[in-house]
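Before any comments, here is the structure.
By convention in this document, chain letters (A, B, ...) are assigned in the order of the sequence lines, proteins followed by strands, and residues within each chain are numbered from 1.
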Amino acid sequence: MNQSSSPKIGLLAVLTVIGITLCAFSIGFFALPSVSGPGNAWERMCRAAGFVSAKAASGGEAALPAYTTVVIPAAAMKTGGADQIGHGATLALRCTSCHGAQGMSGADAPNLAGQYSEVIYKQLVDFQRGARIDAVMGAMVATLSDQDMLDLAHYYASLPQIEPDRALEQAPALVRVGDPMRSIAPCASCHGRNDGKVGAPALDGQPKLYLERQLTAFSSGTRRNDANAVMRGEVSQMTTAEIATVTDHYASH
Amino acid sequence: MPVRAVIKARWLVLAHFWGAFVVFIGALMLGEWQMLLRSPLHAWIVIPEHYYRSVTGHGTVMAYVFPMLIAMGFGYAIVELSLKQALIGIRWAWAAFAVAVVGALMAAAAVALGGATVLYTFYPPLIGSPFYYIGIVLVVVGSWIWVGLMAVNLRAWRRRNVGQPVPLAMYANVAGAYLWAWTAVGAALEILFQILPVALGFKTTIDAGLARVLFSWTLHAIVYFWLMPTYIAFYVIVPRAIGGRLYSDIMARLSFALFLVFAMPIGIHHLFADPEVGSGFKYVHSVFTAMVVIPTLLTVFTICASVEIAARLRGGQGLLGWLRALPWRNPAMLGLTFSFLMLGLGGAGGLINMSYQLDSTIHNTQWVTGHFHLIFAGAVVIMYFIIAYDLWPHLTLKVLGQSGLIRLQLWLWFIGVLVMTLPWHLAGLLGMPRRMAYFDFTNPALASQAWTVTAAVIGGAFMLLSGLLFVFILARAHFQPRAQLSEYRFSVPVHMPVTIPKALNGFAVWVCLMIALTLVNYGIPVLQLIRANTSVPAVLYFNR
């Protein structure tokens, strides 16, 4: 038994594969796109290849709604140095009347002690850019530099966090397992206990009034700085009674 | 020529096989636990994180570690048994094994500690602990050393046998190795350039669309890498084990060569629902997925013909009467039959998955889970069992023991796979999503689907029992009396081909086609996504 030097099978294979490729591409990029869709032949071909023009992507309209554009830098995700925390603590003196001397609010503003640094940073930037609207906060952050906001975030993150005092099993069902049939994910999957997601705040011990206002704002769409509309999607399915139940749970930690 | 009853590198092969089977049993237990949790037989899991942790462990072992160790161990055995030469680079082979084991342990630790619950398909923008990804990279590095060793050994043999046809087993084995080398590049690019920079803290955003396209490059071809040892066993073990001959040597080579060409440029059929990828490329990938039918049907035809030859050699008569003359009590015959039945059912389901329109009815449903368990756990793994049974006496030098127990083991596995996966297909058609930690079966809309999950628990129990029996049979063999071994043989064809076309004695044409088609079918989607830069903030899954 010997090796034949005839190259025919190899050549045949190459030609066949080229033929199949040409057929598939002509159907996929010329024949099928020519059947439907707006634009001329070239635009339709580009679309079939995945290239979408900016005009088409924005639905033909130039104006976009206010939208959060924060990209969290690596620096916001690390523990701050002593100098950053010190600088942040100095800046934080102007926050104390609402957020409390040690980041524990007596005024139904959110408690910031132990809050994750990237959460605080993101909200400050959103306030500054108008992606989250609040008359007081908008004025407070107007003059802060990026470094100021990072340092404030590191300062509050360095303070002790409120620990939940109950087992997760005792939490309401929505917190623990959500409601899959209504596409409501468990709160605990992003806000801690089951899992924490970057950008999702710790909620234990937050004032009930604040939590309720935020959930209602997400529900009505007046607050819209949640990435990918995740909170708006969750809360729009919840009843007033359910909002009361979960906020009760977190407020009473 | 020396008689090769004993595989010289037998400890190397045994280490790979035992490593594979130990992790296999662990992952099998996790799988059964997962199904029990989701079923109406068990209360809802309070912490779904634990379920997904288990899914990640199960998938990582079953998709990467287990088949890789089997392919590597089987590959080393094939070098000795088919080329009739001692394995060149045995130290490298041990080093590759050590690297793969360290990698697997590292990844397992990251998953077990809850630092990488990202499932084996990674799912960016989820980002887990860097130890998980580095562990996977190490496993792949180990397998790449194996690829190199297969090439080196083939080259050494060629130098001493100029112009001679490469033995079929080795030809197929090297085809599998080259397939894997190029397949793994997609996921490697994703891990090295996209995921690890985020996991290590150098970046905070990741382009999930691009990551999915790169992973799809690996995701479908890896299935053919899993299939390779199974197909090799179809061609070079089964016909001999049932006392027949291989119908055609050339047809076998062509099948393996075509797998090399068509396995790769088809992965985007996993992304039919991804908005970032253009519909033109989805169509083209659909067409090439359909081309895989050619080597598959070539194989089905050749193997059925080989089986018929065996039956007629045993006195089988008539149009279909020869079926009765087959050695049904032979484990290889039984394994092949089960494997083909499951491959046929799974392949039929696969036709739905790969068609651009039909996929939308079952996309991301339990149907898909049913499909790949039927193909991989069913058609593929049952032949891994046969490979182990066939090689075991030559690896341990001991007799294997009664084939009654082996037949029971194969039956249990076959029944288990069907009882588990067929109801899953139905559940998928009813709309049950995959990757769910629990279902509310008290809800009237879901109550009628509850039995499918219960059936999966029962099927899984059969499979777990079968897996334990399998390991018991192999372990017991080590304590059996010494076997009287004759030379190990692979199947011989009915007609030894007089000449072999040059293209089917080497890989140049097929590897060139494989790379060219990948570039044609993936080049533009990858470039388009790099240009569009649709990065999103990464979701870190581990404690900083």
Side-chain angles (χ1 to χ4, degrees), chain A residues 1-14 17-18 20-21 23-25 27-30 32-33 44-52 70-74 76-79 118 122 167-169 173 176-181 186 188-190 193-199 227-228, chain B residues 44-49 117 163-165 201-205 254 257-258 261 276-284 287-288 291 436 438-440 443 445-446 496-505 508-510 512-513 516-517 520-521 524-525 528-529 531-532 536-541 544:
Chain A
M1 157 156 119
N2 269 311
Q3 178 178 305
S4 148
S5 60
S6 149
K8 275 184 204 142
I9 284 203
L11 189 65
L12 192 69
V14 172
V17 167
I18 290 176
I20 294 167
T21 311
C23 285
F25 272 77
I27 296 174
F29 292 95
F30 299 103
L32 292 180
R44 287 200 293 254
M45 197 176 88
C46 288
R47 210 164 43 243
F51 292 93
V52 181
V70 182
V71 172
I72 297 169
M77 321 248 296
K78 293 175 181 150
T79 311
E118 75 272 7
K122 178 185 182 302
L168 181 60
E169 285 81 345
R176 200 161 35 87
V177 287
D179 187 347
M181 289 304 287
S189 284
C190 295
R193 300 305 294 279
N194 274 351
D195 192 11
K197 299 287 185 329
V198 172
N228 302 322
Chain B
W44 288 9
I45 184 165
V46 172
I47 302 179
E49 149 73 20
T117 311
Q164 291 299 307
F202 299 118
K203 272 184 73 189
T204 54
T205 61
L254 190 61
L258 289 180
V261 176
E276 298 95 341
V277 181
S279 60
F281 281 101
K282 289 174 182 171
Y283 174 78
V284 168
V287 169
F288 279 95
M291 298 308 296
M436 299 295 288
Y438 52 83
F439 297 103
D440 177 7
N443 187 309
L446 298 187
M496 270 301 193
V498 181
T499 61
I500 286 192
K502 202 175 167 194
L504 289 175
N505 200 31
V509 177
W510 317 110
C512 285
L513 278 176
L517 271 182
V520 167
N521 282 7
I524 291 178
Q528 170 240 326
L529 279 164
R531 180 175 160 274
V536 293
V539 179
L540 291 195
Y541 209 88
R544 301 189 289 275

Checklist entry - Can you tell me how far the CE atom of M77(A) sits from the CG atom of L540(B), to the nearest 0.5 Å? => result 4.0 Å

Next on the checklist: To the nearest 0.5 Å, what is the distance between CZ on F281(B) and CZ on F29(A)?
Outcome noted: 3.5 Å

Item to check | Residue pair M181(A) / L446(B), side-chain heavy-atom distance below 4.5 Å | outcome: yes

Checklist entry - Considering only heavy atoms from C-beta outward, does the side chain of L504(B) approach that of W510(B) to under 4.5 Å? => result yes

Next on the checklist: For the interface with chain A, which of Y438(B), W44(B), F288(B) has the highest count of heavy-atom pairs at distances below 4.5 Å?
Outcome noted: Y438(B)

Next on the checklist: Using a 4.5 angstrom heavy-atom cutoff, name the option from I47(B), V277(B), V536(B), N521(B) with the most pairs to chain A.
Outcome noted: I47(B)

Which portion of [X] sits near chain B, non-hydrogen atoms under 4.5 angstrom:
X       : result
L168(A) : side chain
V71(A)  : side chain
I18(A)  : neither

Checklist entry - Any donor and acceptor pair, going by atom type alone, linking the side chain of K197(A) with main-chain N or O of S189(A) inside 3.5 Å? => result yes

Item to check | Side-chain donor or acceptor of R193(A) paired with backbone N/O of A188(A) under 3.5 Å | outcome: no

Checklist outcome for this item: Here the pair of heavy atoms bringing G28(A) nearest to A48(A) is O-CB, 4.0 Å

Given heavy-atom pairs under 4.5 angstrom as the criterion, report whether the side chain, backbone, both or neither of [X] touches chain A.
X       : answer
I45(B)  : backbone
A445(B) : side chain
D440(B) : neither
V261(B) : side chain
L529(B) : neither
F439(B) : neither

Checklist entry - How would you list, by chain and number, every residue that makes a salt bridge (Lys or Arg N to Asp or Glu O under 4.0 Å) with E49(B), sequence neighbours excluded? => result R53(B)

Next on the checklist: Can you tell me which of P73(A), A24(A), P186(A) forms the most heavy-atom pairs within a distance under 4.5 Å of chain B?
Outcome noted: A24(A)

